[in-house]
Protein chains: 2
Amino acid sequence: MSQSHEILFKTLADPTRRAIFERLCRDGDQTVAALTARAGVSQPAVSKHLGVLKQAGLVRDRHEGRNTHYSAELGALAPLIDWTNQMAGFWQSRFDNLEDLLKRMDQ
Amino acid sequence: MSQSHEILFKTLADPTRRAIFERLCRDGDQTVAALTARAGVSQPAVSKHLGVLKQAGLVRDRHEGRNTHYSAELGALAPLIDWTNQMAGFWQSRFDNLEDLLKRMDQ
DNA sequence: TTTTCCAATAGCCAGCGAGTTATCGATTGT
DNA sequence: ACAATCGATAACTCGCTGGCTATTGGAAAA
């Protein structure tokens with residue numbers, strides 16, 4: 001279940017791509033031109049990043065005339081949150097087991 | 001503040017490396033040999049991954065005779081959690097602004 | 001002390017991926 | 001119809017990184 005954190009980690013590992021996603025989270029709907037203006041890389045590079053983000057389900061695109069607007073899909077972060085919770089859960093679980101053991105040794 | 005999610009994303013993007021970290025979270029303290037046995041890659045590869053994980057603060061090492069034990073440093077995930085919360089926060093904040101606007105238009 | 005074992009380092013290679021420029025398709029404005 | 005603009009695609013380069021084998025440094029066992 002929820003093996004999909006794989007693609008999220010890979011997608012968000014790149015700083016430029018993550019910056020684009022962050023900007024969409026902060027400021028909402030943006031055209032490719034607007035994103036390119038602040039990305040520090042060329043328009044084709046931005047388009048490529050947006051393609052990867054879309055593939056990962058992190059953004060949606062909306063065509064409006066000759067402009068394309070992108071927006072963040074916040075729900076897509078869920079598997080990432082699940083994963084960290086799971087790691088924390090493993091940790092806690094091992095801690096509980098240790099507690100049990102100590103309790104049993106104590107009595 | 002907390003720009004350190006950068007290194008976390010990069011470190012956890014690799015599946016082999018993430019699997020090693022997950023194993024340390026699940027099962028706690030492990031020797032390099034034990035980790036290598038299940039990693040599907042060579043011992044030097046595992047050592048390199050452990051080095052990267054250590055650099056990111058995700059694991060600790062403990063020397064015991066000629067064995068080296070590694071363990072997960074769960075607290076290191078905090079910047080990752082902070083980042084996701086921040087993204088969620090941006091989202092919520094924009095939503096609130098929209099609500100305010102609608103309220104003002106309504107009255 | 002010699003041999004064996006564990007883990008780290010060195011050195012190398014191959015593939016991937018992020019960047020570039022050039023171009024194309026589509027839509028809008030003249 | 002023609003020009004201009006927007007964004008995606010093509011084709012290519014180049015650096016990084018994850019993998020390997022071989023070797024080294026230490027610590028335990030013989």
Side-chain angles (χ1 to χ4, degrees), chain A residues 3-24 27-73 76 80, chain B residues 3-24 27-73:
Chain A
Q3 186 64 25
S4 54
H5 57 268
E6 166 78 46
I7 194 173
L8 291 183
F9 273 117
K10 282 210 169 146
T11 300
L12 295 171
D14 181 75
T16 306
R17 193 156 49 224
R18 200 173 54 249
I20 291 174
F21 178 71
E22 287 175 6
R23 182 158 161 70
L24 288 173
D27 306 336
D29 205 80
Q30 300 279 324
T31 67
V32 175
L35 291 169
T36 301
R38 306 209 172 197
V41 293
S42 66
Q43 174 267 311
V46 172
S47 275
K48 216 192 266 183
H49 282 308
L50 287 168
V52 175
L53 286 165
K54 186 180 171 187
Q55 201 72 15
L58 285 165
V59 302
R60 283 174 50 83
D61 60 345
R62 196 188 94 230
H63 298 279
E64 189 171 298
R66 61 183 167 187
N67 295 326
T68 308
H69 293 254
Y70 281 86
S71 57
E73 198 77 79
L80 209 71
Chain B
Q3 187 61 25
S4 54
H5 57 268
E6 166 76 47
I7 195 175
L8 291 183
F9 273 118
K10 280 206 170 148
T11 301
L12 294 171
D14 181 75
T16 307
R17 192 155 51 223
R18 198 172 57 250
I20 292 174
F21 178 71
E22 286 175 7
R23 184 159 160 70
L24 288 173
D27 307 335
D29 206 79
Q30 300 279 323
T31 68
V32 175
L35 291 170
T36 301
R38 305 210 173 196
V41 293
S42 66
Q43 175 267 311
V46 172
S47 276
K48 213 192 266 185
H49 282 308
L50 287 169
V52 176
L53 285 166
K54 187 181 170 185
Q55 200 72 16
L58 285 165
V59 301
R60 285 174 50 83
D61 60 344
R62 197 187 92 230
H63 297 279
E64 191 172 295
R66 61 183 169 186
N67 295 329
T68 306
H69 294 254
Y70 281 85
S71 56
E73 197 77 80

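Below, chain A is the first sequence line, B the second, and so on; all start at residue 1. Because the structure is predicted, anything quoted here is derived from the model rather than measured.
In this structure, A:Leu12 places its CG atom 16 Å from C1' of C:dA18, rounding to the nearest Å. A:His69 places its NE2 atom 12 Å from the P atom of D:dA8, with the value rounded to the nearest Å. Taking atom CG of B:Asn67 as the reference point, atom C1' of C:dC6 lies 6 Å away to the nearest angstrom. Atom CG in A:Asp14 sits roughly 11 Å away from atom P in C:dG17 (whole-Å rounding).
A:Thr36 comes within 4.0 angstrom of nothing in the nucleic acid, heavy atoms only.
With respect to A:Asp14 and B:Lys10, no salt bridge is recorded, no charged nitrogen being found less than 4.0 Å from a carboxylate O.
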> Which parts of nucleotides 24-30 of chain C does protein reach within less than 4.0 Å, heavy atoms only, written one letter per nucleotide 5' to 3' as B for base, S for sugar-phosphate only and - for none?
Replying inline: ---BB--
>> B:Asp29 vs B:Tyr70, test: side-chain contact (heavy atoms from CB on, under 4.5 Å). Steps then yes/no.
In response: CA-CA 6 Å; B:Asp29 206 79; B:Tyr70 281 85; over 6 Å; no
>> Could you go through A:Leu80 and B:Phe9, starting from their C-alpha distance and side-chain angles, then the distance that decides it, and tell me whether this counts as side-chain contact (heavy atoms from CB on, under 4.5 Å)?
In response: CA-CA 11 Å; A:Leu80 209 71; B:Phe9 273 118; 4.1 Å; yes
> Can you list the steps and then say if A:Leu24 with A:Leu35 is a side-chain contact (heavy atoms from CB on, under 4.5 Å)?
Replying inline: CA-CA 9 Å; A:Leu24 288 173; A:Leu35 291 169; 4.1 Å; yes
> Between A:Thr68 and A:Thr31, is a side-chain contact (heavy atoms from CB on, under 4.5 Å) present by the stated rule, with each step listed?
Replying inline: CA-CA 6 Å; A:Thr68 308; A:Thr31 67; over 6 Å; no
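Listed by first and then second residue, the side chain to side chain donor-acceptor pair (under 3.5 Å) pairs involving residues 45-57 of chain B are B:Arg17-B:His49, B:Gln43-B:Ser47, B:Lys54-B:Asp61 (not counting sequence neighbours).
For the segment residues 38-62 of chain A, the set of residues with a heavy atom within less than 4.0 Å of an atom of DNA chain D comprises A:Gln43, A:Pro44, A:Ser47, in numerical order.
Nearer to the 5' terminus of DNA chain D, by closest-nucleotide assignment, is the contact made by A:Val32 (compared with the other of B:Lys10 and A:Val32).
Atom CZ of B:Arg38 sits in a sparse spot, with 12 or fewer heavy atoms from other residues, nucleotides or ligands closer than 6.0 Å. No more than 12 heavy atoms of other residues, nucleotides or ligands shown are found within 6.0 angstrom of CZ on B:Arg60.
Considering only side-chain N and O atoms, B:Thr68 lies nowhere under 4.0 angstrom from the phosphate OP1 or OP2 of C:dC6. Residue A:Tyr70 has a polar side-chain atom (N or O) positioned under 4.0 Å from OP1 or OP2 of D:dA8.
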